[in-house]
Every structure is written in structure tokens, then in C-alpha cells.
J.: 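Take a look at this one; I'll ask things after.
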Amino acid sequence: MHIFRTHTCNDLRQSHVGQTVRLSGWVHRKRDHGGLLFVDLRDHYGLTQCVIEPESEHFGTFEHLRVESVVTVSGKVVDRLSDAKNSNLPTGDIELVIETCEVQSRAEELPLPVFGEPDYPEDIRLKHRYLDLRRQKLHKNIILRGQIINSIRRRMIDQGFNEFQTPILTASSPEGARDFLVPSRLNPGTFFALPQAPQQFKQLLMVAGFDKYFQIAPCFRDEDARADRSPGEFYQLDMEMSFATQDDIFAVIEPVMAGVFEEFAEGRDVTQTPFPRIAYRDAMLKYGTDKPDLRIDIICSDVSPFFVEDGVEFKAFKGIVEGGGTVRAVPAPGTKDKPRSFFDKMNGWAQKEMQAPGLGYIRFEDGENGLEGKGPIAKFFPADVLVRMAAHAGVGDGDALFFAAGKETDAVKLTGAARTEVGTQLGMIDDNVFKFCWIVDFPMFEWDEDNKKIDFSHNPFSMPQGAMEALENMEPLDILAYQYDIICNGIELSSGAIRNHRPDIMYKAFEMAGYDRAMVDTEFAGMINAFKYGAPPHGGIAPGIDRIVMLLAGVENIREVIVFPMNQQAQDLMMNAPAAVDSKQLRELHLRLDLPKEKDKSGS
RNA sequence: GCGGGUGUAGCUCAGUUGGUUAGAGCGCUGGCCUGUCACGCCAGAGGCCGCGGGUUCGAGUCCCGUCACUCGCGCCA
């Protein structure tokens, strides 16, 4: 008999009754009846109830053994009496009568209970991640992650893509995030950067003629965290292909995403391919964001012109529109029965959460003379203006409109947030649906208000639509790029682009954003040089693995799908990283610290 | 860097208009219990009310500051 186990804790069934077997695992739970003691033994695979009687020489061992200790037990598999079977457990028909046992590892009192999985403070969970990972829910998420990555890998390979490994110690890449730096001992005073993405490498692989690249790529960015953004490091399905149009990229990645989501959706509905494509400008107008949650069936609109019509007396918004601002309408469908407090709360939300001046509203109801407006500001509008505005915004009897007004950027931002808030408050978000879309036609350039200049609005290495001709002849802010995002349920899974593979167009685009030729030649030497020796047109995308797993696992926080995550301050509480190093290590690197004055941390 | 929320036992939380000795459940320790599977019953230990200052005869409670955690903004094109 194997010294640790003949079966796993999920193997034994009625057919094993009578056999002598051996199991190893963690003591999940004990139920001590004095004269009889039940031990639920747990391993990666499942749970088996073991039972021990007081006559046994090992009874005392189990009486005082703490849960989560690791034991090996041997004994006979017996049938349970019919009313003692547990239908909730795959092994619930049988139990193991313990004859011999060996304690492999005693557990001390736990900082974090495994059984029952009660909510626990996240810093404790992170510090004792190995305990947290024993819990079924997290354990399952991590296994799911591995299965999803396997599925993605298989789907990419099936489409003829080759997997590559690119350097971890490299130079700063063209992304705009802060780099993690690694000092070079052999080259004092110089630093590697960890890749923010393998962007330049994958493009260089295209120049090298490999045609179809992919990698489950680790990416490192020294930026602040969000619920859906892990600090420090994360993984992307990074892919790139040559001689491909935007549609070719979509045709490759859509079946991968749709296929993976369908494979792991467990009955949840997934958008059929091809995914809807929404132009950036339309997305900003209709949804107030470039990552719309299409589960919310609300379409916003610009209603600015109605506020400056003759006879409209609502001076606050009129002034905003006349001053070059804008008013956007966010429909709230089916709110006839909502109390006044619903609308007041939305206004309070806008002021508190969005730090907006407020959120005006009008409720529409059929009256004696047709559709009528109700609410505090309706009285400032002639009846016919209200009717036309309702028609324009697509609302009718029993609906309401919220108004987000201000400078266009502010109004759009408030519109997008209000749309989500209304959708949430009205219960319009279906958790059992994955709604995908592409956002396309991002502008190539934008106006940088801080520096009063034109700058790249997205990726400087994207190909402008219309190529050189557009750069030379069009108004810069009107030029679009072959740049696209893929969105699922309001979460941006990835940006991608058809790249600019032409040095002449590259120099021109950078020149328009105020960067001279010399700067391009030094900052992006590797790539611009490569493009001078025959580069294929190419493009790609890099969907975030962690976010895909997060959506499929149905969790709100990205740390629930990462095996050893850092906290929001980008600290690993379990490994104590980052940490100070001793002076010998610093001397070897010719580094001297110049730290800011330390904060008073006596509060903890 | 900025804004919101939270901070009372190991954990989840209650704690009245400011008023005597700060409670409950879970967990932990000890005892009892032969069919449980969220086992049950009894007893016990466990508190700088995040920290500092202020108001007050008196602060867990009110005010100011600060720290920690978290969500968001900036940032991440």
C-alpha cells in the first residue's frame, strides 16, 4: 500500500465498500460526540468522512488534533446507514473507519478559518494566502484560471499562432505607464525596465517574419490599482499578426473570446460573433464612455439645442450651452412609480460621488394634451419643446430623463456614470449575460489642454486611417486611427491596433505631436531601425487574462483570480515585498538611497 | 496626490439624547455527549472602542488631526 494514499478524498463510492484504503489530507472539520468522532478529511479533490471509535488507540490523537492538520488515515470503507448518508457529498454514501493513522503535520490555531469560508479582512487573507487558497471558492477560481489559459492557448495554436517568450529584463517600451526599474550590476548607473507589455518585441517578431505570434505575457506597470486592475503585474493574451487588416484581427480574436466565454459560461449567454462595432464618437455620445456596459439598455443623447430654444427659461443650462458647453440626456425608462426620493438620490449621488453640480430631471407622462413633463425644471419648457425633446431622446409615457450638463468632457463623464447608476438602480444589469462589443475609430490625436499642444490620444504606433495622405491633408484632430478596444460588460479587456510599419509615416506622426526625428531615432531605436529593412504591415491586440478570468469567475475583484496578489499599495504581505535591501547589495550596484522624510506610522 | 466609505474581542457586528461594570454570534480553551455532516449542551479565557489631541463633571458616542484598509478620481495612451 502506498505510504500516503491509495485514493483521493473524492474517489470512494459504494463500490469500494469492504476495501481497506488509505487517504491523506487536511482535517477539514471534526464532530466529536464523545463516544464517536467524525473527521472530514479534505484534499484538492474533495471530502471524505472518516469515523473513529473510542476503543481505537488513535481516538485521543484526533480528539486534540486541530483542524487543518495533515494526516494519513487507513481503514475499511463502510456503507453508511441510509438515514446517515449525505447527498450533498459525492462520497456521502460511504465513510472510512479509521484503523491506523499518522499525523504528518500539526496545525496551530488558525489566523484564518478555512471551513465555512466566512468573510475575512483582506490583509489577513493576503498574509496567509496559502490558507485562503485552501478555501473552495478561491481554490476553484485559480483552477478555472489555468483551464481558461489552456483553452486560450489551444485556440490560438489551432489558428496557426506560435508561442514565444520575450525578455523580462528589457528597456522601457512605448507604453505611457511608469516602469519598474532593475539596476544592472555589470553596467553601473544603468537600469533595465520590466516590460509594460512585449509591444516592441512582438512587432519585431513580425519584422522577423514569424507571421503569427502569441504569448500569455507577463506585464509590469508601476501604477495605482483598481478593483479590476492589479498593481504591479498582470497577464495578457498578447498576439500579433502580419499582412492583416483590422477585420482580420477581429476574425481571429472574436472566436477565441466567444469560444472561451461559451466554454466556461456555465449557461450564461454570450454575444454571438461578429461582435457589434461601435465608433468611438458614437460610444461617447450614446453611452458617455468608450467602454459601455451593453447589458444596460439605455442610449443617451445630446439635447443641448433644446435648452437654447426660444421660450425655454432654464437659465442655468441655457448659460452652459451658450458658453460652449453641452447637455446630455440619460433616459430612465419605466420610472413612473418611482418616488420623488429616487430622483433626489440620483441628484445626491451626482453631487457626492461625481462631484458634479447636480443632475436635473424631467418625468414624462401622458396627460390631457398628450405627453407632459413633470418635475422641478419641467415648468421652464414650452409644451412642444418637451414633446420634441422626449422624441429626440427616445422616451415616452412613464419614462424620465436625467440631464448631465457642463463642459463637454465633464458632461460626457457624468453621462456615462449616470447611465451605469440608473441601470444599476433600476435593476437593468443581468448577471447571466456577457455582452461584447468593439470600439473602433479612435482619434489619432487629441488636444492636450495642460501643455496646449496636439498629442497622441492612444498608441503612437497605430496606423492613421488614410496613412500619410491623411496626416498631410486632414485636420489633425479629425484623423482616425486603426485603433480598437474590445469590451465585455463595461470592462475593457484590451486595446489593439494596426501598427504603423512605415518610418516616413512614423516620423510625420511624431512630428505632428511635437517630437522631432532625433527623438524618435533615440527613444525607439530598435523598432524604427527594424522598419527600415522591410517590415510587413501588421497588427494585434492583447486581452487581459486576469479580467477574462474575473468575468467568468463572476467576482468583483481581480485579487480573487490571482494566486498570490499584491494589495492595493502594491505590497506582497505574505512575502514582505517590496523590502529594503542591505547596504552591501546597494554598494555592489553603486546606489545610494535618498529617501523622503518618513511618515508617522504610529497610528497602526 | 485627491475624494467617498470603514475602523468596538482572533473574526462578523450591536452599543439609545454623551452617563456607572462595553454586549451577542462565530472561533479558541476545558468539560459532557455513539450517527453527526453549520452536530448538540455546560463553563471559561479573550477589549488602549485604530492612534493623538480637543470639548465636557463625564467620550466607544461630539469636534479636529492622523494612520490603516477599501472603493473611486488622477494615473494606467
Side-chain angles (χ1 to χ4, degrees), chain A residues 28-42 47-55 59 63-64 66-67 78 80-89 91-92 95 97 108-126 128 173-179 196-197 199 219-232 234 290 348-349 351-356 410 413 417 420 442-446 448 450 455-462 481 483 485 492 495-497 513 544 556-557 559 567-569 571 573 599-604:
Chain A
H28 187 61
R29 190 78 177 152
K30 289 192 304 179
R31 289 175 297 281
D32 185 353
H33 290 245
L36 190 67
L37 194 155
F38 295 102
V39 178
D40 290 339
L41 198 66
R42 183 196 72 239
L47 217 58
T48 301
Q49 175 167 289
C50 305
V51 62
I52 189 161
E53 299 191 5
E55 301 77 56
F59 191 84
E63 244 185 333
H64 295 284
R66 284 209 180 84
V67 290
V78 302
R80 293 206 213 173
L81 295 171
S82 61
D83 60 344
K85 290 185 193 300
N86 184 350
S87 57
N88 297 323
L89 221 55
T91 61
E95 63 196 6
V97 181
E108 293 180 12
E109 191 182 330
L110 299 173
L112 171 81
V114 175
F115 170 77
E117 312 196 14
D119 285 345
Y120 240 64
E122 198 159 22
D123 48 346
I124 296 175
R125 293 180 54 203
L126 290 172
H128 303 279
S173 67
E175 287 79 15
R178 296 182 185 92
D179 287 315
Q196 296 176 23
Q199 183 67 33
C219 305
F220 306 89
R221 295 180 191 174
D222 190 5
E223 295 291 352
D224 291 1
R226 290 288 181 278
D228 64 353
R229 199 168 80 204
S230 182
F234 59 97
D290 59 1
W349 163 86
Q351 290 170 335
K352 199 174 170 192
E353 300 287 324
M354 300 302 295
Q355 293 170 341
D410 296 340
K413 198 165 148 191
T420 304
F442 278 83
M444 184 80 192
F445 300 103
E446 66 186 10
D448 176 356
D450 291 342
D455 202 356
F456 294 108
S457 73
H458 231 54
N459 182 340
F461 298 97
S462 300
Q483 170 84 45
D485 283 2
E492 181 191 316
S495 278
E556 297 287 323
N557 195 294
R559 290 184 291 271
N567 69 4
Q568 197 179 281
Q569 281 69 247
Q571 298 159 334
L573 298 176
K599 278 185 185 173
D600 176 21
K601 301 213 170 174
S602 61
S604 61

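Numbers restart at 1 for each chain; the letters A, B, ... are given by sequence-line order, proteins then strands. All heavy atoms count here, side chains included; hydrogens, waters and symmetry mates do not.
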J.: Could you measure between the two C1' atoms, the one in B:A14 and the one in B:U8, and give it in whole Å?
T.: 10 Å
J.: Give me, pair by pair, the N or O atoms of the protein and of nucleotides 30-32 of chain B that are less than 3.5 Å apart, along with how far apart they are.
T.:
none

J.: Tell me the interatomic distance from A:Asn86, atom CG, to B:G35, atom C1', rounded to whole angstroms.
T.: 12 Å
J.: Using a heavy-atom cut-off of 4.0 Å across all strands, would you classify A:Gln569 as base, sugar-phosphate, or nothing?
T.: sugar-phosphate
J.: Given B:A38, B:C76, B:G35, identify the nucleotide with an atom nearest to the side chain of A:Arg229.
T.: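 Selected nucleotide: B:C76.
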J.: Does a distance-only test, which skips hydrogens and angles, find a donor-acceptor pair under 3.5 Å between the side chain of A:Glu223 and the base of B:G74?
T.: no
J.: Side-chain N or O of A:Asn567 less than 4.0 angstrom from OP1 or OP2 on B:A68?
T.: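 No, because none of the side-chain N or O atoms of A:Asn567 sits under 4.0 Å from OP1 or OP2 of B:A68.
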J.: Considering residues at least two apart in sequence or located in another chain, which fulfil the ring-ring contact (aromatic ring centres under 6.0 Å, His included) criterion with A:Phe445?
T.: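 Per chain and number, A:Phe445 pairs via ring-ring contact (aromatic ring centres under 6.0 Å, His included) with A:Phe456.
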J.: Within this structure, what is the CE-CD distance for the pair A:Met444 and A:Gln483, rounded to the nearest 0.5 Å?
T.: 8.5 Å
J.: Under 4.0 angstrom, heavy atoms only, what part of the nucleic acid is A:Phe456 near: base, sugar-phosphate, or nothing?
T.: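 Result for A:Phe456 = nothing.
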J.: With a 4.0 Å cut-off on heavy atoms, is A:Lys85 in touch with a base, just the backbone sugar-phosphate, or nothing at all?
T.: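 The residue A:Lys85 makes base contact.
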J.: Can you say whether a donor on the side chain of A:Arg221 sits under 3.5 Å from an acceptor on the base of B:C75, or the other way round?
T.: no
J.: Would you write the dot-bracket representation of RNA chain B, where each base gets (, ), [, ], | or . depending on whether it forms a Watson-Crick or G-U pair under 3.5 Å and with which partner?
T.: (((((((..((((.....[...)))).(((((.......))))).....(((((..]....))))))))))))....
J.: Taking the same atom, C1', in B:U29 and in B:U66, what whole-Å distance lies between them?
T.: 38 Å
J.: Kindly point out which of B:C11, B:A38, B:G74 is positioned nearest to the side chain of A:Tyr120?
T.: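 Taking heavy atoms from C-beta onward, the closest nucleotide is B:C11.
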J.: So, using ring-ring contact (aromatic ring centres under 6.0 Å, His included) as the criterion, who are the partners of A:Phe38 when residues are at least two apart?
T.: A:His33
J.: Please report the distance, rounded to the nearest Å, between NE2 in A:His33 and P in B:C42.
T.: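 One finds 17 Å between P of B:C42 and NE2 of A:His33, rounded.
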J.: Just to be sure I understand the rule, does A:Arg80 reach a base, reach only the sugar-phosphate, or reach nothing, if contact means heavy atoms closer than 4.0 Å?
T.: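 Base contact.
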J.: Check this for me: does the side-chain of A:Arg559 come within 3.5 Å of the base of B:U70 through a donor and an acceptor?
T.: no
J.: Just to be sure I understand the rule, does A:Ala227 reach a base, reach only the sugar-phosphate, or reach nothing, if contact means heavy atoms closer than 4.0 Å?
T.: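 Touches sugar-phosphate only.
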J.: What interatomic distance, in whole Å, is found between P of B:G7 and the corresponding atom of B:U61?
T.: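 My reading of the P atoms in B:U61 and B:G7 gives 12 Å.
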J.: Check every atom of B:A38, B:C76, B:G72 against the side chain of A:Phe115 and return the nucleotide holding the closest atom.
T.: B:A38
J.: Could you tell me how far B:A24 sits from B:G47 if I compare only their C1' atoms? Round to whole Å.
T.: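 Here B:G47 and B:A24 have their C1' atoms 15 Å from each other.
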J.: Can you give me the N/O atom pairs linking the protein to nucleotides 25-28 of chain B at distances under 3.5 Å, or say none if there are none?
T.:
unit_1, atom_1, unit_2, atom_2, d
B:C28, O2', A:Glu109, OE1, 3.3

J.: Please list, chain by chain and in numerical order, all residues satisfying side-chain hydrogen bond (donor to acceptor under 3.5 Å, both in side chains) with A:Glu122, sequence neighbours excluded.
T.: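 Counting only residues at least two positions away or on another chain, A:Glu122 forms a side-chain hydrogen bond (donor to acceptor under 3.5 Å, both in side chains) with A:Arg559.
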J.: Can you tell me how far P of B:C39 sits from CD of A:Glu95, to the nearest Å?
T.: 15 Å
J.: Let me spell it out: for each of A:Pro111 and A:Arg31, pick the nucleotide of RNA chain B with the closest heavy atom. Which residue's pick is nearer the 5' end?
T.: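 Result of the comparison: A:Pro111.
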J.: Please tell me if A:Gln568 has a side-chain N or O lying less than 4.0 Å from either OP1 or OP2 of B:C69.
T.: no
J.: Between the base of B:G74 and the side chain of A:Asp224, is there a donor and acceptor pair under 3.5 angstrom?
T.: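 Donor-acceptor pair under 3.5 Å: yes.
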J.: Using only heavy-atom distances, decide whether a donor-acceptor pair under 3.5 angstrom links the side-chain of A:Glu122 to the base of B:U70.
T.: no
J.: Is A:Asp40 salt-bridged to A:Arg31, going by a charged N under 4.0 Å from an acidic O?
T.: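 The answer is yes: the pair qualifies as a salt bridge.
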J.: Can you tell me how far P of B:G10 sits from CG of A:Leu112, to the nearest Å?
T.: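 So the two atoms are 15 Å apart, to the nearest Å.
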